[in-house]
Number of protein chains: 2
Amino acid sequence: MRELVKIFKALSDSTRLRMIKLLQQRELCVCEIMQAMNISQTRASRNLGILKNAGLISDRRDGLWVHYSTSRQKFNEYHQEINALIKKWLRDEDIIIEDSKRLKKAVKLSKAKPHK
Amino acid sequence: MRELVKIFKALSDSTRLRMIKLLQQRELCVCEIMQAMNISQTRASRNLGILKNAGLISDRRDGLWVHYSTSRQKFNEYHQEINALIKKWLRDEDIIIEDSKRLKKAVKLSKAKPHK
DNA sequence: TTCTTATATTTGGATATGCGCATATAGTAT
DNA sequence: ATACTATATGCGCATATCCAAATATAAGAA
């Protein structure tokens with residue numbers, strides 16, 4: 001039950017639900033998420049850590065960047081269904097659409113002036 | 001998203017998860033729940049209120065008693081699936097089994113000396 | 001009416017959570 | 001080594017959450 005409580009706690013915050021929705025599109029690094037959501041680096045990193053600690057996302061270091069993802073490897077036994085529910089239940093929300101738009105714009109900018 | 005956050009908040013507490021598990025067995029009044037879980041009346045009432053406010057359970061007044069239930073009437077669009085997941089994910093936990101045992105004992109006693 | 005019972009709510013205190021600021025860490029490059 | 005970048009973390013503050021104790025409300029009985 002402790003684990004389940006931890007998972008529901010991780011999900012009971014709009015910042016983190018938005019993150020999950022972004023990560024369901026594709027793997028993203030912290031800097032992409034903070035641009036997409038227009039939030040501080042601290043806030044992005046903290047909340048990604050909470051999701052990771054709850055076993056809902058995983059991370060992968062690639063040089064300076066840490067890429068977060070919902071899709072890779074084995075998580076806890078609840079992960080799959082939780083992810084499907086979030087995908088189904090959070091679709092047309094304005095803020096979700098805005099996040100996606102900002103993500104695309106951020107990607108464009110970083111391609112024009114790549115940081116890698 | 002606000003509603004979903006509220007639902008996950010309601011679920012992110014072991015007291016309330018235990019309550020849902022008890023109510024999945026059958027409709028129960030507050031006094032039965034506080035006996036089954038061995039908690040105070042304040043705690044029982046308050047947490048039942050949170051679950052109700054999140055649209056996860058309903059109540060029905062019958063004289064002095066207020067009966068809570070997971071099964072009656074229309075809730076929010078998430079209620080059905082959430083309930084199925086809790087049922088599936090929370091099964092063999094010790095505390096859940098103890099709650100059920102205490103519930104049966106409380107029922108026995110109140111049948112010997114009924115309050116209705 | 002008053003009395004009793006079942007439930008809800010208010011109050012206050014301890015603990016938890018979310019955030020920004022500043023700083024620390026990890027990795028790359030020179 | 002230093003400098004730079006991406007990410008993580010320690011700290012403090014404001015707010016939220018959880019609880020018990022006391023009180024309030026609601027319904028029935030006398």
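All values derive from a computational prediction rather than experimental measurement. Labels below follow one simple rule: chain letters A, B, ... track the order of the sequence lines, proteins then strands, and each chain is numbered from 1.
Dashed line: the shortest gap from a side-chain N or O of B:Thr15 to OP1 or OP2 of D:dC19 is under 4.0 Å. Put simply, B:Ser45 has no side-chain N or O that comes within less than 4.0 Å of OP1 or OP2 on C:dT7.
Of the listed nucleotides (D:dA22, D:dA8, C:dT7), D:dA8 has the atom at the smallest distance from the side chain of A:Val30. Side-chain atoms of A:Ile50 lie closest to C:dG18 of the nucleotides D:dC19, C:dG18, C:dA22. Ranking D:dA26, D:dT17, D:dC18 by closeness to the B:Asp13 side chain, first place goes to D:dC18. Of the candidates D:dC18, D:dA22, D:dA8, the closest approach to any side-chain atom of A:Tyr68 belongs to D:dA8. The listed nucleotides are D:dA26, D:dT9, D:dT7; the one nearest the side chain of A:Thr42 is D:dT9. The nucleotide whose nearest atom lies closest to any side-chain atom of A:Arg43 is, among C:dT7, C:dT5, C:dC19, C:dC19. Here the nucleotide nearest the side chain of B:Arg61, chosen from D:dA20, D:dA27, C:dA26, is D:dA27. The nucleotide whose nearest atom lies closest to any side-chain atom of A:Cys31 is, among D:dA27, C:dG18, D:dT7, D:dT7.
Map A:Lys9 and A:Gly63 each onto its nearest nucleotide of DNA chain C; the residue landing nearer the 5' end is A:Lys9. Ranked by how close their nearest DNA chain D nucleotide is to the 5' end, B:Asn47 and A:Val66 are led by A:Val66.
Taking a 6.0 Å sphere around CD of B:Gln80, one finds it holds 12 or fewer heavy atoms contributed by other residues, nucleotides or ligands.
The shortest side-chain heavy-atom distance between A:Lys21 and A:Asp99 does not fall under the 4.5 Å cut-off. Here the side chains of B:Thr15 and B:Met37 are in contact, with some heavy-atom distance below 4.5 Å.
Using a 4.0 Å heavy-atom distance criterion, A:Arg46 is classed as a base contact. Within the 4.0 angstrom heavy-atom criterion, only backbone atoms of the sugar-phosphate kind lie near A:Ser40; the bases stay farther away.
B:Arg60 and B:Ser69 share no side-chain donor-acceptor pair at under 3.5 Å.
The hydrophobic cluster containing A:Ile95 also contains B:Phe8, counting ILVMFWY residues as joined when their side-chain heavy atoms lie under 4.5 angstrom apart, directly or transitively.
Atom CG of B:Asp62 is separated from atom P of D:dA26 by 17 Å (rounded to the nearest Å). In this structure, A:Arg18 atom CZ and C:dG18 atom P are separated by 14 Å, rounded to whole Å. Atom pair B:Gln41:CD and C:dT5:P shows a separation of 14 Å (rounding to whole Å applied). For the pair B:His67 NE2 and C:dA6 P, the computed distance is 12 Å after rounding to whole Å. A straight line from CG of A:Leu51 to P of D:dA8 spans 12 Å, rounded to a whole angstrom. When the P atom of D:dA6 is taken as reference, atom CD of A:Glu32 falls 11 Å away, rounded to whole Å. As a whole-Å value, the separation of B:Ile39 CD1 from D:dA21 C1' is 16 Å. For A:Ile57 and D:dT7, the CD1 to C1' distance is 13 Å, given to the nearest whole Å.
A donor-acceptor pair under 3.5 Å links the side-chain atoms of A:Gln24 to the main chain of A:Asn83, judged by distance alone.
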